[in-house]
Engineer: 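Dropping a structure here in structure tokens format, bear with me for questions.
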Amino acid sequence: MKIGTWNVNSLRVRLPHVLRWLETNQPDVLALQETKTEDRDFPVGEFERAGYHAVFAGQPTYNGVALLSREPPEVIATALPDFEDVQKRVLLARYGDLAVLDLYVPNGQSVDSDKYRYKLDWLAQLDLWAAQLLRDFPQLVMLGDFNIAPEDRDVHDPVAWQDQVLVSGPERTAFRRLLDRGLRDSFRLHTDGGGHYSWWDYRAAAFRRNQGLRIDHILLSPALAARSAATVIDREPRGWERPSDHTPVTAELSGL
DNA sequence: ATGGCGCGCGCAGCGCGA
């Protein structure tokens, strides 16, 4: 099976891109972030016509997550447990034995901001939840926009980015804690080198110059990591007209 | 050189993203 993640930076604007990408790539599950769409405006019918079920947790203007799938979903959660938050950043669904957690981790803005503190608190709560989820769901995929470049090889200019938000030590420690729980970064199961990014700034021709960060991730529980056949960053949609600043990442799991 | 682009909201220009 194929399962992907894509921060679309407004589903209203990017719906044609998502439909085109679904048609070409035929994933079994696609997790979206930054839909920026209220639930009553979610384009359910468009995805039904494309052969996909859709579940979503949205709000006006900001944030918003969704899961598209061939199989009908069972929604388990739409928020972090025990964490007061009006921001829609979490969607957990299951498809039979497979559990999929779609995440839009807070950006953090800058390391000296209140939003950074919120990001670290949010990640601490995610870590607690991850321990429970790994017990409850042996077949767990945790994927989305983590807003963390885990290592310097995931950063085009580590010196310029040092100690900046998305790259700072506390954020990387939070990401590392998830791996210490037993989750595996599926991209790194198959590719060691640098220069592979999932986001490029709209400004300064960053995509053309491949000045990006790898911040969109697919984490796999141990049972799924054993089935990981490939993880691919698809740069193509970043080159389309009026693109999202993120591009899709897809994991292939064998025997599911 | 801290801007640079693109989004929502709403009709100007600001907050936000990363």
Side-chain angles (χ1 to χ4, degrees), chain A residues 5-18 31-43 56-66 85-90 102-123 126 143-175 187 194-217 233 235 237-249:
Chain A
T5 178
W6 195 1
N7 179 325
V8 293
N9 186 18
S10 171
L11 185 57
R12 184 193 315 271
V13 174
R14 235 64 72 185
L15 179 60
H17 292 212
V18 176
L32 304 177
Q33 305 88 38
E34 281 206 270
T35 56
K36 299 183 177 178
T37 301
E38 291 181 73
D39 290 349
R40 59 181 165 81
D41 296 329
F42 197 91
F56 34 83
Q59 67 183 92
T61 311
Y62 300 117
N63 309 309
V65 286
D85 195 356
V86 297
Q87 303 188 28
K88 299 299 188 183
R89 300 179 171 278
V90 170
D102 180 11
L103 298 173
Y104 176 43
V105 176
N107 169 283
Q109 196 164 66
S110 66
V111 296
D112 57 0
S113 74
D114 292 343
K115 294 187 178 70
Y116 183 78
R117 186 68 249 167
Y118 162 67
K119 180 180 192 173
L120 295 181
D121 292 344
W122 197 98
L123 287 164
L126 175 64
L143 78 175
D145 178 359
F146 283 73
N147 270 317
I148 301 170
E151 301 177 42
D152 280 355
R153 61 182 165 163
D154 303 311
V155 180
H156 72 92
D157 186 346
V159 173
W161 277 91
Q162 186 166 26
D163 298 328
Q164 301 297 308
V165 72
L166 313 186
V167 167
S168 73
E171 292 166 86
R172 285 180 166 177
T173 297
F175 189 84
F187 184 77
H196 302 283
Y197 311 126
S198 65
W199 169 86
W200 300 261
D201 200 306
Y202 282 119
R203 299 166 292 186
F207 180 60
R208 182 175 56 75
R209 296 151 72 182
N210 197 30
Q211 296 183 344
L213 303 176
R214 193 176 70 89
I215 56 177
D216 299 272
H217 306 299
I233 300 174
R235 296 165 53 100
R238 188 60 177 80
W240 291 347
E241 182 121 8
R242 206 176 181 191
S244 170
D245 45 356
H246 297 251
T247 206
V249 183

Engineer: Between B:dC11 and B:dA1, how far is it from one C1' atom to the other, in whole Å?
Structural biologist: 32 Å
Engineer: Let me have DNA chain B in dot-bracket notation, would you? Count Watson-Crick plus G-U wobble pairs, both distances under 3.5 Å, and use [ ] for pairs crossing earlier ones and | for inter-strand partners.
Structural biologist: ....(((((...))))).
Engineer: Using ring pair (Phe, Tyr, Trp, His ring centres under 6.0 Å) as the criterion, list what pairs up with A:Phe175, not counting sequence neighbours.
Structural biologist: A:Phe146, A:His217
Engineer: Between B:dA18, B:dG4, B:dG8, which nucleotide gets closest to the side-chain atoms of A:Ser10?
Structural biologist: B:dG8
Engineer: Could you point out which residue of A:Asp145, A:Ile233, A:Asn147 forms a side-chain contact (heavy atoms from CB on, under 4.5 Å) with A:Asp216?
Structural biologist: A:Asp145
Engineer: Is it true that A:Asp152 and A:Arg172 have a side-chain N and a carboxylate O under 4.0 angstrom from each other?
Structural biologist: yes
Engineer: Rounded to whole angstrom units, what separation is found between the CG atom of A:Asp201 and the P atom of B:dT2?
Structural biologist: 16 Å
Engineer: Are any side-chain N or O atoms of A:Thr37 and backbone N or O atoms of A:Phe42, one a donor and one an acceptor, separated by less than 3.5 Å?
Structural biologist: no
Engineer: Within this structure, what is the OH-to-P distance between A:Tyr118 and B:dA18, rounded to whole angstrom?
Structural biologist: 12 Å
Engineer: Examine B:dC7: is either OP1 or OP2 under 4.0 Å from a nitrogen or oxygen in the side chain of A:Arg14? Give yes or no.
Structural biologist: yes
Engineer: Compare the minimum distances between each of B:dG17, B:dC7, B:dG4 and the side chain of A:Tyr104, then state the nucleotide with the smallest one.
Structural biologist: B:dG17
Engineer: When you measure only distances, ignoring hydrogens and angles, does the side chain of A:Asn147 come within 3.5 Å of the base of B:dA18 through a donor and an acceptor?
Structural biologist: no
Engineer: Categorize A:Asn7 for me: base, sugar-phosphate, or nothing, with a 4.0 angstrom heavy-atom threshold over every strand shown.
Structural biologist: sugar-phosphate
Engineer: Would you call the rings of A:Trp6 and A:His17 parallel, tilted or perpendicular if under 30° counts as parallel and over 60° as perpendicular?
Structural biologist: tilted
Engineer: What residues in residues 158-167 of chain A put a non-hydrogen atom under 4.0 Å from any atom of DNA chain B?
Structural biologist: A:Leu166
Engineer: For the C1' atoms, the ones on B:dG10 and on B:dG15, what distance do you get once it is rounded to whole angstrom?
Structural biologist: 14 Å
Engineer: For the CG atom on A:Asp114, are there more than 12 heavy atoms of other groups (residues, nucleotides or ligands in this structure) within a distance under 6.0 Å?
Structural biologist: no
Engineer: Within the 4.5 Å heavy-atom criterion, are A:His246 and A:Asn9 side-chain neighbours or not?
Structural biologist: no
Engineer: The side chain of A:Thr61 lies closest to which of these nucleotides: B:dA18, B:dG17, B:dG8?
Structural biologist: B:dG8
Engineer: Does A:Arg242 make a side-chain N or O approach to OP1 or OP2 of B:dC7 shorter than 4.0 Å?
Structural biologist: yes
Engineer: Give a yes/no answer on whether the side chain of A:Asn9 brings an N or O atom under 4.0 Å of OP1 or OP2 in B:dG6.
Structural biologist: no
Engineer: Provide the distance between the two C1' atoms, one in B:dC7 and one in B:dA12, to the nearest whole Å.
Structural biologist: 16 Å
Engineer: Any idea which heavy atoms bring A:Tyr116 and A:Val111 closest together, and the distance?
Structural biologist: CD2-O, 3.2 Å
Engineer: A:Gln59 has an atom CD; how far is it from atom C1' of B:dG17, in whole Å?
Structural biologist: 14 Å
Engineer: If the test is side-chain contact (heavy atoms from CB on, under 4.5 Å), which one of A:Tyr104, A:Trp122, A:Tyr118 qualifies with A:Gln87?
Structural biologist: A:Tyr118
Engineer: Of all the nucleotides listed (B:dC16, B:dG8, B:dA18), which has the minimum atom distance to the side chain of A:Val13?
Structural biologist: B:dG8
